[in-house]
Number of protein chains: 2
Amino acid sequence: MAKFERIPTPAVRRLSLYLRQLERFRAADRRTVSSRELGDAVAVSDAQVRKDLAYFGQFGHPGIGYRIAELIDRVRRILGTDKQSNVLIVGVGNLGRALASYRGFAKQGFDLVAAFDDDARKIGTRLTESIRVKPMDDLVKTVAGHQIRFGILCVPATSAQAAAEQMIAAGIRGILNFAPVTLQVDAGVAVSSVDLAVHLEQLSFQLGGGRYGAGKAADV
Amino acid sequence: MAKFERIPTPAVRRLSLYLRQLERFRAADRRTVSSRELGDAVAVSDAQVRKDLAYFGQFGHPGIGYRIAELIDRVRRILGTDKQSNVLIVGVGNLGRALASYRGFAKQGFDLVAAFDDDARKIGTRLTESIRVKPMDDLVKTVAGHQIRFGILCVPATSAQAAAEQMIAAGIRGILNFAPVTLQVDAGVAVSSVDLAVHLEQLSFQLGGGRYGAGKAADV
DNA sequence: TAGATTGTTAATCGATTAACAATC
DNA sequence: TAGATTGTTAATCGATTAACAATC
């Protein structure tokens with residue numbers, strides 16, 4: 001039982017990939033899957049799959065593999081997405097609006113319940129059927145009222161740090177950041193950043209646009 | 001001179017962060033920066049900054065630091081973004097449209113020049129001032145005509161693999177994938193995936209929603 | 001039973017950090 | 001010169017892979 005080992009960060013990321021794939025297997029009415037099959041589907045070695053899962057307990061059955069429905073439950077519990085969490089969004093420009101209409105969040109355990117912007121012309125605007133854009137002043141009240149822990153940050157780079165600080169002050173503890181800046185936050189606040197330019201630059205480097213090209217092309 | 005060492009993947013990712021920060025310093029009219037200052041700004045140690053840059057050559061000046069303008073040029077050349085690259089987008093749903101209107105690409109060396117969708121009702125629709133949505137059949141011709149190497153993939157998960165194969169067959173060599181699937185591609189094709197649900201799940205895990213919470217909150 | 005597959009240990013590989021002589 | 005800061009080496013730390021006894 002490995003519960004007290006230190007868990008590698010990359011292992012947690014892969015857990016999400018396994019979960020997504022397991023749900024796909026289940027949708028195809030499969031009952032069990034081996035570490036090899038699961039690994040092949042997400043481009044990871046079988047040993048890696050077993051090791052990643054073993055950090056959290058013994059979920060498999062020698063000779064059989066893993067029972068899909070059971071493993072989905074386990075992984076959800078590990079990730080904390082077995083219960084729905086409320087999410088808010090700050091900054092409703094093009095990207096913010098697109099993310100708000102993304103239907104995939106809810107299915108994975110996240111409910112978008114509020115949206116904020118500091119542009120007076122956007123306040124009161126309808127973002128989705130049930131969500132109207134609120135002023136930043138309402139942040140504290142809304143976070144408390146809906147017990148919101150997660151926030152998606154979609155403001156321009158120049159206002160990102162300030163907006164993040166307002167979110168944190170209001171009680172947000174996890175920020176998904178789309179602004180191309182490194183947010184400076186205190187311990188106890190988790191930040192995950194999605195930087196589109198960074199991703200394109202990685203591709204560019206891999207294609208050997210750089211004169212140092214490793215050439216090895218693989219998923220990042 | 002370290003040019004023949006193997007370059008760690010994470011180092012390349014950090015190169016993009018350095019570049020973004022260097023541009024910010026230059027915009028603020030600074031001339032030089034030390035590895036410590038640059039590192040502090042992007043939450044990386046000074047030793048790491050020096051090591052990352054040293055993989056590609058000797059860009060710094062002992063006692064002085066790095067000359068910002070010079071380093072920007074070097075890093076752009078390393079990443080292959082010193083010249084503009086043409087980019088296309090496949091799938092113009094909400095997310096695709098939002099990405100198309102994102103102004104940050106061009107500034108970083110990427111020009112969006114074409115968009116595709118397999119939905120007949122979207123063909124001919126205007127995506128931006130200069131771009132109209134084309135049918136997938138035009139992919140080969142357009143990629144060749146504009147010498148496009150990069151593609152942004154924004155179709156639903158179910159059609160992502162097939163769309164990726166069409167892109168690759170047409171000559172695309174780097175794919176920025178927004179569909180929540182692991183694309184299976186041949187060597188020689190680079191894939192970088194942005195999975196929004198994965199990011200939220202990482203945050204959820206870090207907040208200890210999981211019963212195994214590492215607690216340590218830091219940027220991922 | 002024979003075949004399949006796990007969980008775990010040990011071996012390997014890769015990345016980060018610390019320290020410092022060389023340099024401006 | 002004295003102070004600052006690099007590039008690089010060696011030491012540490014962390015993650016992945018290989019191998020296999022235990023199990024169904």
Side-chain angles (χ1 to χ4, degrees), chain A residues 1-15 17-18 22 25 30-68 70-71 74-75 78 202 212 214 216 218-220, chain B residues 1-15 17-18 22 25 30-68 70-71 74-75 78 202 212 214 216 218-220:
Chain A
M1 218 303 202
K3 232 175 211 170
F4 297 113
E5 253 180 278
R6 214 197 65 280
I7 293 152
T9 310
V12 180
R13 207 188 80 90
R14 287 188 298 262
L15 231 43
L17 300 182
Y18 302 153
L22 287 166
F25 281 140
R30 295 203 35 183
R31 296 301 149 96
T32 65
V33 66
S34 70
S35 56
R36 170 168 292 279
E37 291 170 298
L38 182 52
D40 284 350
V42 301
V44 159
S45 76
D46 60 320
Q48 184 82 82
V49 170
R50 291 197 300 279
K51 190 125 231 284
D52 286 345
L53 295 174
Y55 285 119
F56 302 98
Q58 305 193 162
F59 305 149
H61 307 275
I64 309 286
Y66 298 87
R67 297 199 216 285
I68 290 171
E70 183 197 333
L71 190 53
R74 301 289 208 137
V75 174
I78 293 165
Q202 301 313 291
Y212 308 83
K216 318 297 310 324
D219 199 293
V220 176
Chain B
M1 212 313 195
K3 230 176 213 171
F4 297 113
E5 251 180 280
R6 212 196 67 282
I7 293 152
T9 311
V12 180
R13 207 188 80 88
R14 286 188 298 261
L15 231 43
L17 300 181
Y18 301 153
L22 287 166
F25 281 140
R30 296 205 31 183
R31 296 300 147 99
T32 65
V33 67
S34 70
S35 56
R36 169 168 293 277
E37 290 171 300
L38 182 52
D40 283 350
V42 300
V44 159
S45 75
D46 60 319
Q48 184 82 80
V49 170
R50 293 198 298 279
K51 190 124 230 282
D52 286 344
L53 295 174
Y55 285 119
F56 302 97
Q58 306 194 163
F59 305 148
H61 306 274
I64 308 287
Y66 299 87
R67 297 200 215 285
I68 290 171
E70 183 197 335
L71 190 53
R74 301 290 207 134
V75 174
I78 292 165
Q202 302 312 292
Y212 308 83
K216 321 294 311 323
D219 199 293
V220 178

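Bear in mind that the values here come from a model prediction, so they are computed numbers and not experimental data. Residue numbers begin at 1 in each chain, while the letters A, B, ... track the order of the sequences.
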A.B. asks: Going by the rule side chain to side chain contact (heavy atoms under 4.5 Å, CB included), which residues pair with A/Pro62 if we only count those two or more places apart in sequence or in a different chain?
C.D. replies: none
A.B. asks: What I'd like to find out is whether the side chain of B/Phe56 reaches to under 4.5 Å of the side chain of B/Ile7, using heavy atoms alone.
C.D. replies: yes
A.B. asks: Taking CD from B/Gln48 and C1' from D/dG14, how many angstroms apart are they, rounded to a whole number?
C.D. replies: 13 Å
A.B. asks: Figure out the CG/C1' separation between B/Asp52 and D/dT8, and round it to whole Å.
C.D. replies: 14 Å
A.B. asks: Distance-only check: which donor-acceptor pairs under 3.5 Å involve side-chain atoms of residues 38-46 of chain B, not counting sequence neighbours?
C.D. replies:
from: B/Ser45; atom 1: OG; to: B/Gln48; atom 2: N; distance (Å): 3.0
from: B/Asp46; atom 1: OD2; to: B/Arg50; atom 2: NH1; distance (Å): 3.1

A.B. asks: Separation of B/Asp46 atom CG from D/dT6 atom P, in whole Å?
C.D. replies: 8 Å
A.B. asks: Taking CZ from B/Phe59 and P from D/dT6, how many angstroms apart are they, rounded to a whole number?
C.D. replies: 14 Å
A.B. asks: Apply side chain to side chain donor-acceptor pair (under 3.5 Å) to A/Tyr66 and list each qualifying residue two or more places apart in sequence or on a separate chain.
C.D. replies: none
A.B. asks: Can you tell me how far P of D/dT6 sits from CD of B/Glu70, to the nearest Å?
C.D. replies: 13 Å
A.B. asks: Look at the side chain of A/Ala54 and decide which nucleotide, out of C/dT6, C/dT16, C/dT8, has an atom nearest to it.
C.D. replies: C/dT8
A.B. asks: Nearest of D/dT17, C/dT8, D/dT6 to any side-chain atom of B/Tyr66?
C.D. replies: D/dT6
A.B. asks: Atom CZ of B/Phe56 to atom P of D/dT6: distance rounded to whole Å?
C.D. replies: 17 Å
A.B. asks: Under 3.5 Å for both distances, Watson-Crick or G-U wobble, that's the pair rule; now give the dot-bracket for DNA chain D, with | marking pairs to another strand and [ ] for crossing ones.
C.D. replies: ..||||||||||||||||||||||
A.B. asks: Where along nucleotides 19-24 of chain C does protein come under 4.0 Å, by heavy atom, of base (B) or sugar-phosphate alone (S), with - for untouched nucleotides?
C.D. replies: B---BB
A.B. asks: Kindly say if B/Gln58 contacts the phosphate of D/dT6, meaning a side-chain N or O under 4.0 Å from OP1 or OP2.
C.D. replies: no
A.B. asks: So, do B/Tyr55 and B/Leu15 sit near enough that their side-chain heavy atoms are less than 4.5 Å apart?
C.D. replies: no
A.B. asks: What is the distance from CD1 of A/Ile7 to C1' of C/dT8, rounded to the nearest Å?
C.D. replies: 16 Å
A.B. asks: What pair of heavy atoms forms the shortest contact from B/Arg67 to B/His61, and how long is it?
C.D. replies: NE-NE2, 3.7 Å
A.B. asks: According to side chain to side chain donor-acceptor pair (under 3.5 Å), who are the partners of B/Arg30, at least two apart in sequence or on a separate chain?
C.D. replies: B/Glu37
A.B. asks: Please give, in whole Å, the distance from D/dG14 P to A/Tyr55 OH?
C.D. replies: 12 Å
A.B. asks: Between B/Gly60 and A/Lys51, just flag the one whose closest nucleotide in DNA chain D comes earlier from the 5' side.
C.D. replies: B/Gly60
A.B. asks: Any pair with a residue in residues 51-63 of chain B that passes salt bridge (Lys or Arg N to Asp or Glu O under 4.0 Å), sequence neighbours left out, goes on the list, sorted by first then second residue, please.
C.D. replies: B/Arg14-B/Asp52
A.B. asks: Report yes if at least one side-chain N or O of A/Ser45 is closer than 4.0 Å to OP1 or OP2 of D/dT17; otherwise report no.
C.D. replies: yes
A.B. asks: How far apart are the C-alpha atoms of A/Leu71 and A/Tyr18, what are their side-chain angles, what is the distance that settles it, and do they pass the side chain to side chain contact (heavy atoms under 4.5 Å, CB included) test?
C.D. replies: CA-CA 10 Å; A/Leu71 190 53; A/Tyr18 302 153; over 6 Å; no
